[in-house]
Structures are given as structure tokens and as C-alpha cells.
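Counting starts at 1 for both ligands and their atoms, following the listed order. Residues: numbered from 1 along the sequence shown.
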Amino acid sequence: MATTDRREALRGARVVLGVSGGIAAYKAVEVCRRLMDAGAHVSPVLTQGATRFVGALTFSALASEPARTSLYDGPEPIPHTRLGQRADLIIVVPATARVLAAYAAGLSSDLLTATLIATRAPVVVCPAMHTEMWEHPSVVDNLATLRRRGVHVVEPEAGRLAGGDAGTGRLAAPDTIVDAAGAVLASRLSLAGVRAVVTAGGTREPIDPVRFIGNRSSGKQGHAVADELAARGAHVVLVTTTDRPAPPGAEVLRVETAAEMQAAVGAQRAGAHVVVMAAAVADFRPKAQAATKIKKGDGVPDVILEATPDILAGLGAAPVAGQLLVGFAAETAGGRDALLAAARRKLASKHVDLVVANDVGQPGVGFSHDTNEVLIVGADGSVTDVALTTKTAVAAAVVDAIAAHLSPPPPHTSKELT
Ligand code: CTP
């Protein structure tokens, strides 16, 4: 991504600049100035520690709004929720070991940490501390936790530290920090103009009005993919069997059976740049559905099954030019090689572009869990391993792969941030 794109993405963006109490706080003044130069709307939030290193007035004079330093003393009764909800990005410069620990633990002990927990905006933390602290297992663990949750980390550099020491822990250069902030914002809307159809959840195939054949799918992974596509600016049509919340702005079609899902996807696919079949579609359904509840006294019924339509294979058999097809593969494979082979078989047999394969026999993987571990396999030979992580992080990797395979690539429209 070009530097100009990263800087352009900051124009008009509402950025909360958190400053915590380390000697590097003085460099946050320069970051503030550069964010302003790039056209961002900057709201500074200083911890009490930060105000010992640099005056709130300095930030007030440079930023778009007066600096805030307290949850309680300002004119607004609940400043953290207003700041958190309205932010396009929160960036913490410098992030001390204390702030990282509080954020990782969910402790909202001051205005900055409360704002971090009250936001859904992307967050960039820029740690700065002495080498011993940077390498302490608590800091390492807290950063790993934050990374796993999708927080972006601008690593410190090696160099001169406070007190005449030298080592890793010096705050990254202001330019690097501002570039990273711009890159996060630019990537957020990198799919503007893209239309996506996503299916999620397990279908239910009725036996009678009260009973159905279903499966263990929770819809979490499909919804996470829809959330991530929408967060990056795509227009999402979500065809789901669940009542989970949909991303803001998405069109939601609630369906129950494979046949209903097939009809919904068929009606929505024209004009879509990508169709993601994350749903666990039943392969079999009762041939006949009883019109009234089957009574116990009538004896044990014979439920005769028939095959459902394979929605994904149907899409692959009638390709739409320029439309990317993404399938999922739930396997009980026994090892990476077997999983990869199964994914490749599904790629070829269903004529799709990407298959996201998971081994649902592994602990913490697939159905109902909040975590997943997948291989993202492309018809072009590409393979991406995503180790056990949250379904949100898996969704981000899936959407990265989608973005890399879209043809033509989506137009870059970071201006829409304003
Ligand atoms: N799929 C579909 N229609 C079906 C069954 C599956 O569109 N009737 C889609 C799923 O949404 C998923 C992919 O096909 O994207 C693979 O589903 P999966 O259940 O893993 O595989 P199957 O094709 O059902 O094959 P098998 O059960 O033999 O593994």
C-alpha cells in the first residue's frame, strides 16, 4: 500500500490519541501534529501519568478537541462511551506496561482504558518501555492476548532509552506510527464497492412441524466473515439460519432449509463479486414432511431421506464471470495432509476458487466453538495455515484471502472514511 494511500485514509478520520505515562509521551505530541497534518480529527486522552511528562495544554493547542484527562471532571457525563463509539481508530502512544495490562484484563480504571473497552473501532498500541519490562513475561503475554483479539501493535525499536540505557523498547518513530494508523484505516475500507453474499449457520430439514434434521453449526464463523467483510466496506447480503446479530448495513435474509438457502443465494448472486458458502448445509432431508406432528402412539416412523441440492456445486457449475466462489469444508481428516487433500478434492469437484477447510475432530475447532483452525486453499495452488485462534481472527484471514483473489482488485476508496 502506497504511503499516499495510508495518509489519505487519515483525512477526516476520527482518531482518539491515547497517551500514557512514559517518557516517550513527549513524542506523542509529534504524532498528534502529524495526524492533524494528515487531516484527521484528533481527540487526545491522557492518563494521569502522561500529564506528569507532558502538559494537557500542549495537546489541546495542537489537536481538534481539548485534551481529556479524567472520566469524571469534564463537562460530559460519560466521555468514554462517546469517544469510543464515535472513533474510527484509537491509537495509544506510548502504551505503557500498565495500560497494556489493564487493556488485556478489561480493567477500565481511567478514561483511556475505559474508552479502549467502550469501542468497536480498530486499536493500534505503540508500546515503549525499558527492555527488561518489554521482555517480561507479563508484557509478552498481554501483548499476545491483545494481538489475538485483533489489536494492532507497532513494535518498539532498539535505541537509547531513559536514564542513559540502551536496548529494545524505544517508541517507534512518529512517521512509522502515523503510517501504521493510516494503513489500518485504509485496509478497513479496502473492500468498498465490493458486493458479497455470505451464508451462515446450519440448515434445518423438517420431519414434521416440530422436528427437524439439523447439525451442530452455530453460525459464528459465517457471521464473523460477514462482519469482517462489512467492516472493510463491502456490501454484505447475509443468508443465515440463525438469529445472531448481523453487521450494520448488511441485508439479512433468514432461511431455514437447504432449499430456501439455495433460492436466496440464487436470487442474490447476480452482481456479487464474491459468494461465501460458510453455512453447514444438510446433505440429506426427509423425502416427505408430515403436515401434522407425528404422534408417539402411531409407532416409530420410517424417515426416508433424499439428497439436498448442493448449493455450492450448483454455483460452481454455472460460473458468473469475475465472481469469486468460496466454500468451507468440515472434515474429520486426521492430520494436515489429509485435510489439504480433502480441501483440494472439494476445490476441484465443486469448481470453487477458495476452500476454507477445518478438521472438526480437533479440540476447539469448528462447530459451536469460539475458536477455529483452518487451511485456506486456493485453486491457484495457494495455501494459508491459520493456527488455532478466534473465529474473528480466522474471518480476517479468510477476508484477506478473498481480497487477494478478487478480480479485478477492488478500487481503493479510502476517501469514504470522511
Ligand atoms: N454445501 C452446499 N450445499 C450442500 C452441502 C454443502 O452448498 N448441500 C457447501 C457448504 O456450504 C460448504 C461446502 O459445500 O461450503 C462443503 O460442505 P461440506 O459439508 O464440508 O462437504 P460436502 O460437500 O457436504 O461433502 P462431504 O459431506 O462428503 O464432506
Shortest protein heavy-atom distance from atom 2 (C) of ligand 1, along with the residue and atom involved: Asp310 OD1, 3.3 Å
Within the 4.0 Å heavy-atom shell around Ala329, which atoms of ligand 1 are there? 20 (O)
Near Ala279, which atoms of ligand 1 are under 4.0 Å from a heavy atom of that residue? 10 (C), 11 (O)
Quick check on contacts: which atoms of ligand 1 are under 4.0 angstrom from a heavy atom of Thr308? 8 (N)
Is any side-chain N of the basic residue among Glu30 and Lys27 closer than 4.0 Å to the acidic one's carboxylate O? no
Looking at Arg147 and Glu155, does any basic side-chain N land under 4.0 Å from a carboxylate oxygen? yes
As an exercise, identify every atom of ligand 1 less than 4.0 angstrom from a heavy atom of Ala282. 8 (N)
Considering all protein heavy atoms, does one lie under 4.0 Å from atom 22 (P) of ligand 1? yes
Answer yes if the side chains of His223 and Thr240 hold a donor-acceptor pair under 3.5 Å, and no otherwise. yes
Consider every N or O of Ala313 and every N or O of ligand 1, then say whether any pair is closer than 3.5 Å. no
Considering only NZ, NE, NH1 and NH2 on the basic side and carboxylate oxygens on the acidic side, decide whether Lys287 and Glu306 come within less than 4.0 Å. no
Just grab all the salt bridge (Lys or Arg N to Asp or Glu O under 4.0 Å) pairs involving residues 197-209, residues at least two apart or on different chains. Asp208-Arg211
Check this for me - ligand 1, Ile311, N or O atoms closer than 3.5 angstrom, yes or no? yes
Which residue from Lys350, Glu331, Lys346, Arg285 reaches closest to atom 29 (O) of ligand 1 through any of its heavy atoms? Lys346
Taking 4.0 angstrom as the limit and counting only heavy atoms of Gly327, give me the atoms of ligand 1 inside it, by number and element. 15 (O)
Closer than 4.0 Å to some heavy atom of Pro309 - which atoms of ligand 1 meet that? 3 (N), 4 (C), 8 (N)
What is the nearest protein non-hydrogen atom to atom 27 (O) of ligand 1, stated with its residue, atom name and distance? Asp283 OD2, 3.3 Å
SB check Arg7 Asp37 (cutoff 4.0 Å): no
Is Ala278 touching ligand 1 with its side chain, its backbone, both, or neither, if touching means heavy atoms under 4.0 Å apart? neither
Counting from 1, what ligand 1 atoms have a heavy atom of Met277 closer than 4.0 Å? 7 (O), 11 (O), 12 (C), 15 (O)
Worked verdict on Asp370 versus Lys391 for salt bridge (charged side-chain N to carboxylate O under 4.0 Å, His left out): CA-CA 6 Å; Asp370 288 325; Lys391 286 190 170 171; over 6 Å; no
